[in-house]
Amino acid sequence: MQNGKREAGSGKRARRRGMALALTLFVVPAVRAQTVAITGGKVYPVSGPAIENGTVLVRDGKIVAVGANVAVPNGATRIDATGKWVTPGLINALTGLGVAEVNAVPSTVDRTARGDSGVAASFPVWEGINPASTLFAPARNEGVTSVGVIPTGGLIAGQAAVIDLVPGTLTDMINKAPIAMVAQFGDARDGGSTARGEQFARLKELLEDARAYSRRRAEFERAQTRPFAARRADLEALVPVVEGRLPLLLNVDQASDIEAVLRLARETNVKVIVAGGAESWEVADKLAAANVPVIVGAMINIPQSFSTLGSRQETPALLQRAGVKMVLIGTGSGEEGFNVRNLKYDAGVAVAYGLKWDDALRAITLTPAEVLGVANRVGSLQPGRDANIVVWSGDPFEFATRVEHVLIRGREVVQPSRQDELMQRYKTYPPAYRKP
Amino acid sequence: MGGVVAALAACAPAKSTAAAQPRPATAPAPARDTTRLPPGAGAVSAPNADPFPSTYVVPASRATLIRNVTVLTAAGPTIRGGSVLLRDGKIAAVGTSVTAPGDAEIIDGQGKYLTPGIIDDHSHMGVYAAPGGDALSDGNELTNPVTANVWAEHSVWPQDPQFPRALASGVTTAQILPGSGNLIGGRSVVLKLVPSASVQGMKFPGAKYGLKMACGENPKRVYANRGPSTRMGNVAGYRAAWIQAEAYRRRWDKWNADHQGDPPQRDLGLETLAEVLRGNILVHNHCYRADEMMQMIDIAKEFGYKIRSFHHGVEAYKIADRLAKEGISASLWSDWGGFKMEAMDGVRANLAMVSAAGARAIVHSDDPSGMQRLNQDAAKAMAAGEQIGIHTTEDQAIKWLTINPAWALGLDDRIGSIEVGKNADVVLWSADPFSVYARVDRVWLDGAAAYDRANPASWWRTDFELGNVPLPAGGK
């Protein structure tokens with residue numbers, strides 16, 4: 001989008017209010033290594049049915065109990081969630097958080113590797129994450145506790161990671177890396193290919209060469225193999241893909257391109273994830289039969305290119321009905337680093353267009369955790385899982401609902417964002433910074 | 001202000017006004033109507049000239065009573081259990097007890113909401129049409145930093161599939177603007193979202209034109225190699241254009257008054273700018289930063305024109321008191337921001353803060369997807385305002401979507417509220433439009449049924465969609 005359409009191109013209850021906020025700037029209660037009990041709320045574990053008047057018990061950053069009859073130990077910090085809704089922290093599967101600060105300022109964008117003829121399989125996108133990014137706070141203040149950080153561009157864009165939005169260092173934030181190898185197929189003519197069939201052949205050649213390389217590393221080191229289609233580091237990075245240990249996440253929209261991806265997966269025996277999936281509803285049965293998950297938005301209905309003519313807002317509901325593992329991502333995947341937070345509204349819109357409410361919540365919590373391979377730690381409220389928990393004033397998908405508490409690994413993490421500080425400053429005229 | 005070729009328009013025929021009535025397909029082509037302007041009058045720079053007149057005709061419609069519905073009027077308090085009568089294209093009655101004529105269609109609105117048609121004062125539908133690509137990229141004439149001579153309507157493709165999607169989301173009127181690559185991008189056009197083979201068939205009859213201006217990063221980026229390449233270069237560019245425009249206006253106003261000698265040379269760009277100076281064209285100024293908006297206000301004062309609305313205005317909240325004082329509206333997103341330096345300070349409560357300061361707040365889209373959810377954008381801004389202690393009622397917020405953009409377009413006497421005598425542009429929502437679960441059930445435009453969610457066979461499908469875009473029921 002250039003020069004015209006859309007440009008070349010939070011909170012807690014009392015603490016967000018008035019002066020109380022100024023006093024709590026950057027004060028993060030250290031509740032780690034403590035026991036926290038969230039009591040009295042309507043608890044949505046996602047891994048099981050909702051619990052009225054439930055308790056979630058947290059110890060040392062992990063969930064230790066979830067249920068209607070959980071005894072709260074003496075000395076536990078209590079969060080009264082009476083009348084509130086309690087869910088797992090939300091997971092936005094496709095973002096550039098931490099590697100794309102201001103999109104129009106290239107020095108702050110680290111999502112796209114130069115690569116070699118469009119191949120950047122060895123590119124670990126997470127190594128460029130800036131934990132000081134101002135875009136983390138708006139997301140976590142509104143209930144997003146983990147995100148996929150996804151490289152873009154090229155034929156093979158690189159390796160993605162899942163991070164938890166804890167304040168701290170990159171090491172603190174990493175949940176799992178890599179979680180997928182990211183590639184493009186179809187309309188995206190990045191990386192030197194000028195036709196879909198050529199992209200298909202190149203992807204297949206790369207995967208086959210990675211397999212050959214993995215069997216012949218010693219000969220390769222002695223220069224006793226035929227030339228391979230990629231550099232050593234890229235072949236090495238593709239080995240887990242061909243061995244079935246790392247999924248290949250393909251940005252692909254057109255129905256026939258999705259079918260091509262399914263053929264590629266069969267012919268090369270790799271696990272694939274479809275992302276984008278504008279026309280995925282047209283091939284939903286095939287995706288379900290192949291057990292291929294789809295990462296899709298619920299607000300996409302403009303035939304913006306010839307690859308997305310079939311875009312429609314019923315897609316999430318249609319995929320779910322067909323039995324496809326479906327992940328919702330909102331519109332935060334591209335330029336909208338600000339709006340990774342809007343994931344919950346995508347879920348709401350998906351419900352308005354036919355998805356069941358429980359399925360929508362699952363599509364922004366447990367299903368992305370499963371698809372990205374981190375469900376053993378996040379995405380549901382079960383004993384043993386990380387205590388990534390959100391307490392909402394009501395239905396999380398509704399605009400009027402406030403976030404009251406966000407815990408990541410058992411710690412309260414809500415802090416005023418830059419935007420919160422700006423709003424406080426300019427709430428009155430003259431602005432607060434000019435006041436005596 | 002170079003590059004504007006004065007049209008040797010003496011040989012251009014005067015446009016027909018005979019198309020006011022739909023013409024049967026079999027009828028012979030009508031004789032050219034030359035009664036409106038004398039031959040050769042196209043060479044004359046006339047204020048309020050209308051060379052591409054609207055051919056839109058209010059369709060015949062059956063009287064319709066929507067009753068037992070919650071009405072957000074944008075003119076007064078919410079009416080619960082209300083009724084609204086649409087007749088002959090107008091809102092004929094509003095209240096809690098309205099009697100319908102015997103032949104009226106009666107719609108029961110139990111549990112539903114009725115609002116005025118949504119108005120988006122910032123759209124590029126038609127000029128950046130789907131499915132995109134260079135062939136349909138007609139929104140930015142990036143050949144000169146000042147292209148006041150271009151008119152957005154000459155780029156509008158009426159078969160853009162974005163039009164029916166906007167209508168199905170409750171948008172009944174949209175201002176189509178040129179892009180923001182130029183200091184002065186050209187004339188806008190106000191359209192009714194109706195199927196038509198020509199843009200003239202969509203043009204809102206009698207609507208004023210707008211002028212697109214743009215601040216900041218876009219023009220200086222686009223023209224980095226030839227200038228302007230800086231913000232100070234931008235400002236010099238606007239001022240140079242207005243200096244020429246003022247001289248042009250004086251020359252023509254004098255000639256129009258005395259008809260002494262040959263008319264001055266006509267210049268399309270200066271003609272548009274002169275019409276701004278005469279108050280006949282409304283200025284829509286793309287501008288993100290507070291400091292730049294303040295400078296644009298001073299430029300407007302220097303040359304004696306008014307800015308009708310600042311668009312995007314992600315920092316409008318910083319100068320909301322000044323916008324209120326100057327009578328300038330702010331056309332805003334709730335939460336689009338951060339993607340470039342001048343957008344970094346966007347805050348979600350912007351609309352609520354601007355509104356609370358007494359300025360006219362408007363939810364705009366600049367985007368065909370956001371355009372379908374202007375109500376949701378308003379709801380986000382309401383909630384964000386709430387969190388800093390600014391309470392916005394639904395009666396206030398509905399104005400952000402309706403009567404305030406109507407004012408920005410100079411059409412608040414005709415559209416933007418549910419009041420007797422206004423055009424019958426109304427939307428029936430399945431639920432409170434500020435809920436994420438609300439969907440548009442029906443839309444009436446000038447009293448005629450324009451969209452009915454329950455009847456897919458009746459939906460507007462553009463020519464482009466035939467054979468290209470799948471139908472919900474299967475097939476294309």
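Just the heavy atoms: all of them, side chains too, but no hydrogens, waters or symmetry mates, feed the values below. The chains referred to below are lettered A, B, ... by the order of the sequence lines, with proteins before strands, and numbering in each begins at 1.
- For the set A438(B), A379(B), S123(B), A384(B), the count of heavy-atom pairs under 4.5 angstrom toward chain A peaks at A379(B).
- Between chain A and the options A431(B), S430(B), G346(B), G185(B), the largest number of non-hydrogen pairs under 4.5 Å is found for G346(B).
- With rounding to the nearest 0.5 Å, the separation of CZ in R348(B) from CD in Q419(A) is 10.0 Å.
- Remark: W429(B) engages T115(B) in a side chain to side chain donor-acceptor pair (under 3.5 Å) (not counting sequence neighbours).
- Contact record, K427(A) with I388(B): CD-O, 3.1 Å, taken as the closest heavy-atom pair.
- Heavy atoms only, all atoms of each residue included: A357(B) and Y429(A) are closest at CB-CE1, 3.9 Å.
- Heavy-atom distances place the backbone of E101(A), and not its side chain, under 4.5 Å from chain B.
- Of all non-hydrogen atoms in R165(B) and N301(A), the two that sit nearest each other are NE-O, 2.8 Å.
- To the nearest 0.5 Å, atoms OG (S435(B)) and CG (D395(A)) are separated by 8.0 Å.
- Comparing R439(B), K476(B), E465(B) by heavy-atom pairs within less than 4.5 Å of chain A, the highest count is held by R439(B).
- In terms of heavy-atom proximity, F306(A) sits nearest to P131(B) at CE1-CG, 3.5 Å.
- For M382(B), no part sits under 4.5 Å from any heavy atom of chain A, backbone or side chain.
- Here P470(B) is the residue among A214(B), P470(B), A383(B), G132(B) with the most heavy-atom pairs under 4.5 Å with chain A.
- Highest contact tally toward chain A, considering only M341(B), E217(B), M353(B), is held by M353(B) [criterion: heavy-atom pairs under 4.5 Å].
- Remark: side-chain polar atoms of D335(B) are not paired, donor with acceptor, to backbone N or O of N339(A) under 3.5 angstrom.
- Only the backbone of F434(B) comes within contact range of chain A, judged by heavy atoms closer than 4.5 Å.
- Atoms OH and CZ, from Y317(B) and R425(A) in turn, are 9.5 Å apart once rounded to the nearest 0.5 Å.
- Annotation: side chain of F399(A) is not in contact with side chain of N375(B) (no heavy-atom distance under 4.5 Å).
- Listed for the E398(A) side chain is a donor-acceptor partner under 3.5 Å among the backbone atoms of V436(B).
- Under the 4.5 Å side-chain criterion, counting only non-hydrogen atoms from C-beta, R402(A) is not in contact with E386(B).
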Evaluation steps, side chain to side chain contact (heavy atoms under 4.5 Å, CB included), between Q387(B) and M423(A): CA-CA 10 Å; Q387(B) 297 211 358; M423(A) 286 189 282; over 6 Å; no
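- Contact check for M344(B) versus R418(A): side-chain heavy atoms found under the 4.5 Å cut-off.
- Under a 3.5 Å cut-off, the side chain of S369(B) and the backbone N or O of I302(A) do not form any donor-acceptor pair.
- Residues passing the side chain to side chain donor-acceptor pair (under 3.5 Å) test with D432(B): none are found, sequence neighbours excluded.
- The shortest non-hydrogen separation linking P303(A) to P161(B) is CG-CG, 3.7 Å.
- Using a 4.5 Å cut-off between heavy atoms, V349(A) touches chain B through backbone and side chain atoms alike.
- With salt bridges taken as basic N to acidic carboxylate O contacts below 4.0 Å, none links E142(A) and K380(B).
- Of the listed residues (V469(B), L471(B), D321(B)), the greatest number of heavy-atom pairs within a distance under 4.5 Å of chain A belongs to D321(B).
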